[in-house]
Amino acid sequence: MSLSEQKIIRINKLNEIKILGINPYPSKEYLINNTAENIRKNFINKKKVSIAGRLMRLRILGKASFGEIKDHTGRIQIYLNKDNLYIDNVKKEDVYNVFLKKLLDIGDIIGIKGFLFTTKMNEITINVKELTLLSKSIRPLPQVKISKDKKIYDEFSDVEQRYRMRYVDLIVNDKVKNIFLKRTKIIKKIRNFLDKKGYIEVDTPILQPIPGGAVARPFITYHNSLGIPLYLRIANELYLKRLIVGGFNGVYEFSKNFRNEGMDRYHNPEFTVLELYVAYKDYYWMMNFTEKLITSIFMEFNYKVKHNKIYDPIPFSRISMLDSIKKYTGFDINNMNKSDLIKICIVLKIKYENKWNKCKIIEHIFDEKCKKNYVDPTFIIDYPIEMSPLTKKHREKKNLSERFELIINGQEIANAYSELNDPIDQFYRLKKQIKYKKELKNNNNTFIDEDFIRSLEFGMPPTAGIGIGIDRLIMLLTGNKSIQEVLFFPQMRPKK
RNA sequence: GACCUGGUAGCUCAGCUGGUAGAGCAUUACACUUUUAAUGUAAGGGUCCUGGGUUCGAAUCCCAGUCAGGUCACCA
């Protein structure tokens, strides 16, 4: 037989099931009154139960069999005995020897009614009285075996197949589901935290006529009846600020952003950022707020810093970007010009390009020499102003801006600032940035969102804003090294 | 975009300097009424990622492509 030998066999079984008069895909609701987890936690001998799930294992021992079924809460063992098993519509003599032994397969979804007991081996088990086929599986599952001491054999581990067929990954790899359950809990926790403060969750456009708020290549699409190109948002920042102008005191959005750039372990073309804007606050306030938010999440989800020590809620340290560079390179780059900075790159053996501007070089020095040193949560503050076109000039320090990034485990987790609300300065700064970007990458796709400028002209209160990379935060808290592991369906190149 | 590694049965993998394609689990058949990585006996199952080349002969060597992973570069 060809490559789908096992599939052909199962399709034949499907037909035989129909001949027996059983619908392999019945419509009727199946009533359950329990779950695998609850049965294990609250075992009562001889208690009648009804549950449904996927058959994951079947061990036939003559006239009795043991199996394992898995529902949304976990696995539970079942016991099937030839003498007292009933299947609706199936003749008594066919129930065990035909239906169970020949037609039932691992992967089938079944409902069972029976009572609880413990086996000689002290395993909580359901003695099945009645079995109902709820959905026939015609494709074999990978056979992952888990021993009593939780060792995994023949794990379904091919990353490509796991991501392309996440449904299979979720069925056979128990730990995968937990990552995503945790993801949901973390997001819920953040939402709760923000709701309690009275901030409003909002939705802003994903299809934007001008992709603003960040610098990145957007995905372009086209609206037929408007006859215009639209862009999938690269950020939602400019829209949330419009809402602050409109009178909201605090708004946030879990924003799916889309960036048409390279993909790797840390970048998926679509990813999630939490953006929060609060009126009448500044970046100092936002630092304190972020510290409370992140600490509460770390406490709840037992974040472990290096060496597996449980996270200890100490105050996050704060260091200015220039001080950090001084600390890790020995150079005080304050007030240096571009040619001085290039000399420093040469001494430090850091690559640079002549077309880079001053702040790009500073950023690069920081990324190469400083960032990796911050394992414990650390605020890097006061970035050079050219790097931050949407940020207020620092109230005291010349050439710097009121901006911070939160670095944890050597990775940027959040980016925040006192939002620039001077419309004239904002226009000038965006224009300058666009000019530089055009020189750097021949990128003619950037333009100024003039409606955003107009909104500032009406007056935006002083505002603090932050973006938190949700996927990266989930990676931290679940101990995953790649973003694909924390997204259900990471982007893959189509096969063939 | 550059380089490195990999793609063999449904799954996990082996396959040496080129000589008829292998194992475990899964599947099929038989046995077995408390097993749990069940067990025992037997059987079936392959576009060796795709396309070229070298060779009497290629899963194996060479070239190109493709998909994935990794390193680097680029990028908020």
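Chain letters run A, B, ... following the sequence lines, proteins first, then strands; residues in each count from 1.
Here the separation of B:rC61 from B:rC4, taken at their P atoms, is 15 Å to the nearest Å. Rounded to whole Å, the separation between the C1' atoms of B:rG52 and B:rU66 comes to 14 Å. As rounded to the nearest Å, B:rA14 and B:rG24 have P atoms that lie 16 Å from one another. With P as the reference atom, B:rC25 and B:rA21 are 23 Å apart, rounded to whole Å. Between the C1' atoms of B:rG15 and B:rA9, the separation comes to 14 Å (whole Å). The P atoms of B:rA42 and B:rA23 are separated by 13 Å, rounded to the nearest whole Å. On the C1' atoms, B:rU27 is 36 Å away from B:rG70, given to the nearest whole Å. As rounded to the nearest Å, B:rU71 and B:rA29 have P atoms that lie 48 Å from one another.
Nucleic acid contact for A:F156: sugar-phosphate only, since backbone atoms but no base atoms lie under 4.0 Å from a heavy atom of the residue. Contact annotation for A:R10: no contact, since no heavy-atom pair falls under 4.0 Å across all strands. Residue contacts shown for A:E412 include a base, since a base heavy atom lies under 4.0 Å away. At a threshold of 4.0 angstrom between heavy atoms, the contacts of A:D158 are confined to the sugar-phosphate backbone, with no base atom among them. Using a 4.0 Å heavy-atom cutoff across all strands shown, A:R164 reaches sugar-phosphate atoms only and no base atom.
More than 12 heavy atoms of other residues, nucleotides or ligands sit less than 6.0 Å from atom CZ of A:R59.
Both tests pass for A:R242 against the ring of A:Y239: distance under 6.0 Å to the centre and angle within 45° of the axis.
In a base pair of the Watson-Crick type (N1 to N3 plus N6-O4 or O6-N4) or a G-U wobble (N1-O2 and O6-N3), with each distance short of 3.5 Å, B:rA31 is matched with B:rU39.
Between A:D169 and the choices A:R162, A:K175, A:K177, the salt bridge (charged side-chain N to carboxylate O under 4.0 Å, His left out) rule is met once, by A:R162.
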Self-check item: Derivation of the side chain to side chain donor-acceptor pair (under 3.5 Å) call for A:H364 and A:D367
Solution: CA-CA 5 Å; A:H364 194 64; A:D367 285 349; 5.5 Å; no
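In summary, A:D282 and A:K392 do not engage in a salt bridge, as defined by a charged side-chain N under 4.0 Å from a carboxylate O.
The base of B:rG45 has none of its N or O atoms less than 3.5 Å from a complementary donor or acceptor on the side chain of A:E5. If you check distances only, the side chain of A:Q143 never reaches the base of B:rA37 with a donor-acceptor pair under 3.5 Å.
By the 30° and 60° cut-offs, the orientation of the rings of A:Y374 relative to A:Y328 is perpendicular. In this pair, A:F316 and A:F379 present their aromatic rings tilted. The plane angle is within the 30 to 60° band.
One finds a side-chain N or O of A:R265 lying less than 4.0 angstrom from the OP1 or OP2 phosphate oxygen of B:rG70.
The main-chain N or O of A:S137 is found under 3.5 Å from a side-chain atom of A:R10 such that the two form a donor-acceptor pair.
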Quiz item: Going 5' to 3' along nucleotides 28-35 of chain B, which nucleotides have protein heavy atoms under 4.0 Å from the base (write B), which only from the sugar-phosphate (write S), and which from neither (write -)?
Solution: SSS-BBBB
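In terms of position on RNA chain B, the residue among A:K481 and A:H364 whose nearest nucleotide sits closer to the 5' end is A:K481.
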